[in-house]
Trainee: 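Shown below is the structure under consideration.
Side chains included, hydrogens not; waters and symmetry mates left out as well; all remaining heavy atoms used. All ligand and atom numbering here is 1-based and tracks the order in the structure.
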Amino acid sequence: MLEFLQAAEEAARRGGHVLRAWSSKFTVREKSRSNLVTEADFAAQQAIHDFLRGRYPHHGFHGEEGLNEVRPDSPYRWIIDPLDGTTNYVHGFPYFAVSIGMEYEGRLVVGAIFDPTRDEMFLAAQGGGATLNRRPLRRSDVTELSQAMVVASLPVATSPDDVAVKRFLKMLPHAQTVQRTGSAALNLAYVAAGRLDGFWSTSLKPWDMAAGVVLVEETGGSVTRLDGGPFDVNQPNLLATNGSGIHQELMHHFAERI
Ligand code: IPD
Ligand code: CA
Ligand code: CA
């Protein structure tokens, strides 16, 4: 597993290098309303893919920018978001990251999330713990929602009657604060690092979550669906917390009528 973790780290650094290199010269295209993409997204994915495919030519690859190499004979699949937080990147809001997860036989086992702005490398491998720049990560010890900083990812193009927005509003009086940041991958890394106490979304893709889920689980946090059912990276339904009673409190409020 260590070998794969080191490969994920090197790939994430290469991706981050590309994001930095493009930061003053990219142009922006709207894939759909409010869903942005730049040359940096494609160039970072290319750099990550080239490196990993060079090492592991028989593995499967799944990346946000049109990358889908299915390898039915391989138990390994890399799940890549070359730039999570493109809207932040475009506006110069420094909260975006490269996210690289790896599945073995359908289980998420390796995660690397790299924040090139702060030079922070979050790494985790199943059974091996989680680190930030080589130091062990610790989840927060906040146990009550009323004392918690929680965060939600809303759909990119949303509206006041979207159920995700209603759920967000409903949580405001229960938590100490509720944030929306623009990078699901960093949110998960921050739950693992104890900088956030909980995170939920019902609109994410596998590449937003794959790496971060390994990080949260390796610090002893909880990752489920919003209703407490088992998390599935192929379904857009994620609740990740520090594993305290906050998890049950959030589930309880999600179960109430909106
Ligand atoms: C987005 C971010 C955001 C989430 C969106 C994602 P992108 O990823 O993770 O936090 O709310 O749903 O699409 O498009 O910047 O890679
Ligand atoms: Ca993303
Ligand atoms: Ca992306």
Trainee: Purely on distance, is any nitrogen or oxygen of Leu204 under 3.5 Å from one on ligand 1?
Mentor: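 No.
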
Trainee: Quick check: Leu83 and ligand 1, any N/O pair under 3.5 Å apart?
Mentor: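 Between Leu83 and ligand 1 (N or O atoms, distance only) the closest approach is under 3.5 Å.
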
Trainee: With a 4.0 Å cut-off on N to O distance, would you call Arg71 and Asp73 a salt bridge?
Mentor: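 Here Arg71 does not pair with Asp73 in a salt bridge, since their nearest N and O are not under 4.0 Å apart.
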
Trainee: The Ca ion (ligand 3) to Leu83: any N/O/S contact under 3.0 Å?
Mentor: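 True for Leu83.
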
Trainee: In the protein, what heavy atom is nearest to atom 9 (O) of ligand 1, and what distance, to one decimal place, separates them?
Mentor: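 That would be Asp84 OD1, 2.7 Å.
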
Trainee: Please indicate whether any nitrogen or oxygen in Asn35 is less than 3.5 Å from any nitrogen or oxygen in ligand 1.
Mentor: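 No.
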
Trainee: With rounding to the nearest 0.5 Å, note down the distance linking CG in Leu123 to CG in Leu132.
Mentor: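 Taking CG in Leu123 and CG in Leu132, the distance rounds to 9.0 Å.
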
Trainee: If you measure from each non-hydrogen atom of Leu154 to ligand 1, which part falls under 4.0 Å: side chain, backbone, both or neither?
Mentor: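 The answer is the backbone.
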
Trainee: Consider every N or O of Pro155 and every N or O of ligand 1, then say whether any pair is closer than 3.5 Å.
Mentor: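 It does not: no N or O of Pro155 is found under 3.5 Å from an N or O of ligand 1.
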
Trainee: For Asp81, counting its heavy atoms only, list the atoms of ligand 1 lying under 4.0 Å from any of them.
Mentor: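 In order of numbering, the contacting atoms are 16 (O).
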
Trainee: For ligand 1, which atoms, with element, lie under 4.0 Å from some heavy atom of Ala184?
Mentor: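 Per the distance check, 2 (C), 9 (O), 10 (O).
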
Trainee: Could you tell me whether any N, O or S atom belonging to Asp84 is less than 3.0 Å from the Ca ion (ligand 2)?
Mentor: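 Under 3.0 Å: Asp84 contacts the Ca ion (ligand 2) through an N, O or S atom.
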
Trainee: Starting from atom 4 (C) of ligand 1, locate the nearest protein heavy atom and write down its residue, its atom name and how far away it is, to 0.1 Å.
Mentor: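 Looking only at protein heavy atoms, the one closest to atom 4 (C) of ligand 1 is Ser153 OG, 3.8 Å.
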
Trainee: Determine, using the 4.5 Å side-chain heavy-atom cutoff (strictly less than), whether Tyr95 and Met209 are members of one ILVMFWY cluster.
Mentor: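 The answer is yes; both residues are in one hydrophobic cluster.
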
Trainee: Tell me whether Thr86 has any N or O atom under 3.5 angstrom from an N or O of ligand 1.
Mentor: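 Yes - when backbone and side-chain N and O of Thr86 are compared with those of ligand 1, one distance drops under 3.5 Å.
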
Trainee: Membership question, hydrophobic clusters at under 4.5 Å side-chain separation (ILVMFWY): are Leu108 and Ile113 in the same one?
Mentor: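 Result: yes, single cluster for both.
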
Trainee: Output yes when Lys205 and Asp208 qualify as a salt bridge under the 4.0 Å nitrogen-oxygen rule, no when they do not.
Mentor: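 Looking at Lys205 and Asp208, the cut-off is not met.
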
Trainee: Can you find an N/O atom of Val156 closer than 3.5 Å to an N/O atom of ligand 1?
Mentor: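 For ligand 1, there is no N or O atom that lies under 3.5 Å from one belonging to Val156.
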
Trainee: Hey, what do you get for OG1 (Thr241) to CZ (Phe199), rounding to the nearest 0.5 Å?
Mentor: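 Output value for this atom pair is 12.5 Å.
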
Trainee: How far does OH of Tyr89 sit from OG1 of Thr117, to the nearest 0.5 angstrom?
Mentor: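 Here the rounded value is 9.5 Å.
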
Trainee: Strictly below 4.0 Å, N to O, side chains only: are Glu9 and Arg134 in salt-bridge contact?
Mentor: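 Looking at Arg134 together with Glu9, the answer is yes, because their closest N to O distance falls below 4.0 Å.
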
Trainee: If I take every N, O or S atom of Glu64, is at least one of them less than 3.0 Å from the Ca ion (ligand 3)?
Mentor: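 A backbone or side-chain N, O or S atom of Glu64 is under 3.0 Å from the Ca ion (ligand 3).
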
Trainee: Look at atom 3 (C) of ligand 1 and say which protein heavy atom is nearest, naming residue and atom and giving the distance to 0.1 Å.
Mentor: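 Nearest protein contact, heavy atoms only, for atom 3 (C) of ligand 1 is Gly182 O, 3.6 Å.
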
Trainee: Nearest protein heavy-atom contact for atom 15 (O) of ligand 1: which residue, which atom, what distance?
Mentor: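 In this structure, atom 15 (O) of ligand 1 has Gly85 N, 2.7 Å as its nearest protein heavy atom.
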
Trainee: Using a 3.5 Å distance criterion without hydrogens, assess whether the side chain of Glu105 forms a donor-acceptor pair with backbone atoms of Pro75.
Mentor: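 No, the answer is negative, given that no donor and acceptor are paired below the 3.5 Å cut-off.
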
Trainee: Can you tell me which N/O/S atom of Asp208 has the shortest distance to the Ca ion (ligand 2)?
Mentor: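 The Ca ion (ligand 2) is closest to the Asp208 atom OD1, counting only N, O or S.
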
Trainee: With a 4.0 Å cut-off on N to O distance, would you call Glu256 and Lys170 a salt bridge?
Mentor: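 Yes, this pair counts.
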
Trainee: Identify whether the distance between the nearest side-chain nitrogen and carboxylate oxygen of Lys31 and Glu65 falls below 4.0 Å.
Mentor: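 Looking at Glu65 together with Lys31, the answer is yes, because their closest N to O distance falls below 4.0 Å.
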
Trainee: What atom name does the N, O or S atom of Asp81 nearest to the Ca ion (ligand 2) carry?
Mentor: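 Minimum-distance N/O/S atom of Asp81 relative to the Ca ion (ligand 2) is OD2.
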
Trainee: Can you list the atoms of ligand 1 that are under 4.0 Å from a heavy atom of Asp208?
Mentor: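 In order of number, 8 (O), 9 (O).
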
Trainee: Distance from Asp84 atom CG to Phe96 atom CZ, nearest 0.5 Å?
Mentor: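 One gets 11.0 Å once the value is rounded to the nearest 0.5 Å.
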
Trainee: Using a 4.0 Å heavy-atom cut-off, which part of Lys205 comes near ligand 1: side chain, backbone, both, or neither?
Mentor: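 No part of Lys205 comes within reach of ligand 1.
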
Trainee: Could you walk me through whether Phe4 and Tyr76 pass the ring pair (Phe, Tyr, Trp, His ring centres under 6.0 Å) check?
Mentor: CA-CA 10 Å; Phe4 295 127; Tyr76 299 101; 4.9 Å; yes

Trainee: Identify, for atom 14 (O) of ligand 1, the protein heavy atom at the shortest distance, and state residue, atom and that distance.
Mentor: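 In this structure, atom 14 (O) of ligand 1 has Glu64 OE2, 4.0 Å as its nearest protein heavy atom.
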
